[in-house]
Engineer: 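Here you go, one structure.
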Amino acid sequence: MRLSSTLQRTKVELPDPPGPIRMYFCGPTVYARAHIGNARPFILGMWLRSWLRERGYDVTLVHNITDVNDKIYEAAPGASAELAERATRWYLEDTGDLGLGQPDELPKATEHIPGIVRFIQELIDRDFAYAVDGDVYFRVARDPEYGRLSGQRPDQVEDQEPNPRKEDPRDFALWKANKPDEDTAWDAPWGRGRPGWHIECSAMAEELLGPCFEIHGGGLDLVFPHHENELAQSRALGHEFAQIWTHNGMLRFTGEKMAKSAGNIVSLRDAIDRWGRETVLLFFMTAHWSKPVDFSDETMAQAQAQWVSFQGAFRVSRSEPPSDEWKRFVDALDDDFNTPNALAVLHDWRSRGYWYLLDQGLELFGLSLPPMAGTGLDVERIRRERDEARKRRDWARADELREVIRRHGLDVVDESDGSRLVPL
RNA sequence: GGCGACGUGGCCGAGUGGCUAGGCAGAGGCCUGCAAAGCCUCGUACAGCGGUUCGAGUCCGCUCGUCGCCUCCA
């Protein structure tokens, strides 16, 4: 199994034989309902965990919730904690409705303040950070390797708004002093305030997973500065942060990145309600995770047509696959988690009637074929009765009995040597 | 200004130098009491221009275009 990694700029092999895999996927800032673009790293993380477990790895997935942040203060002046709590519930509901389960840990920044404070203190002790007027900043100039992940050179980074408290414009905040209109704050040795954005991930990831864990994921838009800064913070403590860095491509809508700030939003909630969770999942399977993907009515309709086709899988006569057939699926996914290629294998299995393999494959992605509900003796009896009617060429009676079967939630498919019950 | 991603047939989308990707949509045909599924055939794709090579969608260079980051955007 290998994965494309931004840090090495190539595909990196995972440990073989399989061992523990610790994964951290950057989660949402909770100030509004998540849009479908936000769902991509969540889905990728859950799928990867599912696949790695299938391949024998012992996986732990941590997915953080950023519940203290400028955007939350702006969105709900004086009531940021309430908004964060509500938006967290939305996120858990909406991602839960994807039917992929939950990450192993969903740490909130506000519940890990002591660890964050300790982390910052150690950076100060090591001279990698300095406190000014209640703020604390990371000293970028102290890190000769700053920019290794993103390829950015500190001296080429565009000037930000001048901040006289910073020694250097490239320095970034680890701690921000409490302001009058901010309704949440915690005590720290250098003053009352709250953590900066980047430090929470470093602190929580290392607290829950330990240093130098295996896989770090997130959106491509987080490479710089967010992930670069996470990396710098950990390196300042004397070790690497993560080994493999996966960055999923952006979801585009109406020609540009779907983003709350751009206003071209379709919420995950609305997408699930309109298209169904299976179509949303299949949509993300159609493109490789590292590439941009266009969301539109047309691409969603195509994904939905694929789902309809899979749902009819039992209508194809079952046949026995070759013994090494599963390997085709494994090969596709082990090579950089190539879901489009895996999807092609699933389509092939569907048309060949490899029911069991198809079901196994889909299940790893949170999809399941319709169950053969309602199969009872009575339905089976009606099926045989209809077969008899067809032998008599009593088509009217046969069609009548098919309607009866359909009322039981099943359909009947005629084949050369008889008939078969299938999900409707 | 710097860093990065991407440009494949009507649409979506794989492809890491030579062998049919796959899906969706469309046309014709076979099969079929009906229905469903399936099968066959068709439309001769790789942004452009050079180069390397026996051979390039795949490597190199240049050009054009789209998008992203450098603002606490997944």
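Each chain gets a letter, A, B and so on, in the order the sequences are listed, and its residues count up from 1.
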Engineer: Only pairs with both distances under 3.5 Å count, Watson-Crick or wobble alike; so what is the partner of B:G57 in this structure?
Structural biologist: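 Base-paired to nothing in any strand shown.
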Engineer: Per the salt bridge (charged side-chain N to carboxylate O under 4.0 Å, His left out) rule, which among A:Arg2, A:Arg328, A:Arg55 passes with A:Asp334?
Structural biologist: A:Arg55
Engineer: Send over the distance from A:Lys260 NZ to B:U71 P, rounded to a whole Å.
Structural biologist: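 These atoms are roughly 20 Å apart.
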Engineer: P atom, B:C30 versus B:A35: distance in rounded Å?
Structural biologist: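 Approximately 15 Å lies between the P atom of B:C30 and that of B:A35.
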Engineer: Hey, which of A:His63, A:His227, A:His216 is the one that makes ring pair (Phe, Tyr, Trp, His ring centres under 6.0 Å) with A:Tyr24?
Structural biologist: A:His216
Engineer: Could you check A:Val345 against A:Arg350 and say which one's nearest nucleotide on RNA chain B is further toward the 5' end?
Structural biologist: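 Nearest-nucleotide comparison on RNA chain B picks A:Val345.
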Engineer: Please give the nucleotide sitting opposite B:G22 as a Watson-Crick or G-U wobble pair, both distances under 3.5 Å, or none.
Structural biologist: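 With both distances under 3.5 Å, B:G22 matches B:C12.
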Engineer: Is any N or O donor-acceptor pair between the side chain of A:Arg390 and the base of B:G33 shorter than 3.5 Å?
Structural biologist: yes
Engineer: When we call it a touch if two heavy atoms are under 4.0 Å apart, what does A:Arg148 touch: a base, just sugar-phosphate, or nothing?
Structural biologist: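 Nothing, no heavy atom under 4.0 Å.
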Engineer: Indicate, with a heavy-atom threshold strictly under 4.0 Å, whether A:Asp394 touches base, sugar-phosphate, or nothing.
Structural biologist: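 Result for A:Asp394 = nothing.
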Engineer: Using whole Å, report how far CZ of A:Phe283 lies from P of B:G22.
Structural biologist: 22 Å
Engineer: Under 4.0 Å between a side-chain nitrogen and a carboxylate oxygen: does that hold for A:Arg402 and A:Asp399?
Structural biologist: yes
Engineer: Assign A:Leu222 to base, sugar-phosphate, or nothing according to its heavy-atom contacts below 4.0 angstrom with the strands shown.
Structural biologist: sugar-phosphate
Engineer: So, under a plain 3.5 Å distance rule, would you say the side chain of A:Lys257 forms a donor-acceptor pair with the base of B:C73?
Structural biologist: yes
Engineer: How close or far is atom P of B:C11 from atom CE of A:Met300, stated in whole angstroms?
Structural biologist: 20 Å
Engineer: Given atom CG of A:Asn264 and atom P of B:A74, what is their separation to the nearest angstrom?
Structural biologist: 13 Å
Engineer: Taking the same atom, P, in B:C11 and in B:C46, what whole-Å distance lies between them?
Structural biologist: 13 Å
Engineer: Counting Watson-Crick and G-U wobble pairs only, both distances under 3.5 Å, name the nucleotide matched with B:G17, or none.
Structural biologist: none
Engineer: Counting only side-chain heavy atoms from C-beta out, which of B:C73, B:G33, B:G22 sits nearest to A:Ala344?
Structural biologist: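 Among the listed nucleotides, the one closest to the side chain of A:Ala344 is B:G22.
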Engineer: The criterion is side-chain hydrogen bond (donor to acceptor under 3.5 Å, both in side chains); which residues satisfy it with A:Arg235, sequence neighbours excluded?
Structural biologist: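 With sequence neighbours excluded, A:Arg235 shows a side-chain hydrogen bond (donor to acceptor under 3.5 Å, both in side chains) to A:Asp143, given in chain and number order.
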Engineer: In whole Å, measure the gap between the C1' atoms of B:A5 and B:A74 for me.
Structural biologist: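 Taking atom C1' in both B:A5 and B:A74, they lie 16 Å apart.
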Engineer: Would you indicate which nucleotide in B:A37, B:C11, B:G68 comes nearest to any side-chain atom of A:Val316?
Structural biologist: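 So the nucleotide nearest the side chain must be B:A37.
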Engineer: Between B:A35, B:A5, B:C73, which nucleotide has the shortest distance from any of its atoms to the side chain of A:Pro292?
Structural biologist: B:A5
Engineer: Report the base-pairing partner of B:A5 (Watson-Crick or G-U wobble, both distances below 3.5 angstrom), or none.
Structural biologist: B:U66
Engineer: Considering only B:C34, B:A74, B:A36, which nucleotide approaches the side chain of A:Asp399 most closely?
Structural biologist: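 Given the options B:C34, B:A74, B:A36, the side chain of A:Asp399 is closest to B:C34.
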Engineer: So, is A:Arg315 near the phosphate of B:A35, with a side-chain N or O under 4.0 Å from OP1 or OP2?
Structural biologist: no
Engineer: From CZ of A:Phe314 over to C1' of B:G38, roughly how many Å is that when rounded to an integer?
Structural biologist: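 To the nearest whole Å, that distance equals 17 Å.
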Engineer: If the threshold is 4.0 Å, N to carboxylate O, is there a salt bridge linking A:Arg194 and A:Asp70?
Structural biologist: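 Here A:Arg194 pairs with A:Asp70 in a salt bridge, since their nearest N and O are under 4.0 Å apart.
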Engineer: What is the separation between atom CG on A:Leu358 and atom P on B:G23, rounded to the nearest whole Å?
Structural biologist: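 Checked: the CG to P distance equals 13 Å.
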Engineer: If you look at every strand shown and take non-hydrogen atoms under 4.0 Å, does A:Gly151 touch a base, only sugar-phosphate, or nothing?
Structural biologist: sugar-phosphate
Engineer: Which part of the nucleic acid, if any, lies within reach of A:Gly255 when heavy atoms closer than 4.0 Å are counted: base, sugar-phosphate only, or nothing?
Structural biologist: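 Since only primed, P, OP1 and OP2 atoms lie under 4.0 Å of A:Gly255, the category is sugar-phosphate.
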Engineer: Looking at A:Glu385, I'd like to know if its CD atom is crowded, meaning that more than 12 non-hydrogen atoms belonging to other residues, nucleotides or ligands lie closer than 6.0 Å.
Structural biologist: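 Buried by this count: over 12 neighbours within 6.0 Å.
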Engineer: Nearest to the side chain of A:Pro225, which nucleotide is it out of B:C70, B:G68, B:A35?
Structural biologist: B:C70
Engineer: With rounding to the closest Å, how many angstrom separate the P atoms on B:G7 and B:C40?
Structural biologist: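 Looking at atom P only, B:G7 and B:C40 are 30 Å apart.
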Engineer: For B:A45 versus B:C64, give the span between their P atoms, rounded off to a whole number of Å.
Structural biologist: 27 Å
Engineer: For B:G28, give its Watson-Crick or G-U wobble partner with both distances under 3.5 Å, or none.
Structural biologist: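 B:G28 is paired, partner B:C40.
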Engineer: Using a distance-only criterion (donor-acceptor N/O pair, under 3.5 Å, no hydrogens), is the base of B:C34 paired with the side chain of A:Asp414?
Structural biologist: yes
Engineer: How far does the C1' atom of B:G13 sit from the matching atom of B:C6, given to the nearest Å?
Structural biologist: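 One C1' to the other, the span is 13 Å.
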Engineer: Can you find a donor-acceptor N/O pair under 3.5 angstrom joining the side chain of A:Asn341 to the base of B:G22?
Structural biologist: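 Check fails, no donor-acceptor contact within cut-off.
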Engineer: Under 4.0 Å, heavy atoms only, any strand: does A:Leu346 hit a base, just the sugar-phosphate, or nothing?
Structural biologist: nothing
Engineer: Taking any heavy-atom pair under 4.0 Å as a contact, classify A:Gln152: base, sugar-phosphate, or nothing.
Structural biologist: base
Engineer: On the side chain of A:Gln302, is there an atom forming a donor-acceptor pair with the base of B:G23 - under 3.5 Å, no angle test?
Structural biologist: yes
Engineer: Compare side-chain N and O positions of A:Asn338 against OP1 and OP2 of B:A21 and report whether any pair is under 4.0 Å apart.
Structural biologist: no
Engineer: Taking atom CG of A:Asp270 and atom CG of A:Asp94, what is their separation to the nearest 0.5 Å?
Structural biologist: 9.0 Å
Engineer: In whole angstroms, how far is the P atom of B:C3 from the NE2 atom of A:His226?
Structural biologist: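 Nearest whole value for this atom pair: 24 Å.
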Engineer: Assess whether one donor atom and one acceptor atom, taken from the side chain of A:Arg402 and the base of B:C34, lie less than 3.5 Å apart.
Structural biologist: yes
Engineer: Report the distance from atom CZ of A:Phe284 to atom C1' of B:A14, rounded to the nearest whole Å.
Structural biologist: 18 Å
Engineer: With rounding to whole Å, what would you report as the distance between B:G51 and B:G57 at their P atoms?
Structural biologist: 15 Å
Engineer: Taking only residues two or more places apart in sequence or in another chain, which ones pass side-chain hydrogen bond (donor to acceptor under 3.5 Å, both in side chains) with A:Thr286?
Structural biologist: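 Scan of A:Thr286 (side-chain hydrogen bond (donor to acceptor under 3.5 Å, both in side chains), adjacent residues dropped) gives none.
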Engineer: Can you tell me how far C1' in B:G10 sits from the matching atom in B:G1, rounded to whole Å?
Structural biologist: 41 Å
Engineer: Nearest heavy atom decides the nucleotide; on that basis, is A:Arg252 or A:Ala398 closer to the 5' end of RNA chain B?
Structural biologist: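 First, find each residue's nearest nucleotide; the 5'-ward one identifies A:Ala398.
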Engineer: Using 30° and 60° as the class boundaries, would you call the ring planes of A:Trp355 and A:Phe314 parallel, tilted or perpendicular?
Structural biologist: perpendicular
Engineer: Base, sugar-phosphate or nothing for A:Val223? Non-hydrogen atoms, less than 4.0 Å.
Structural biologist: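 No contact.
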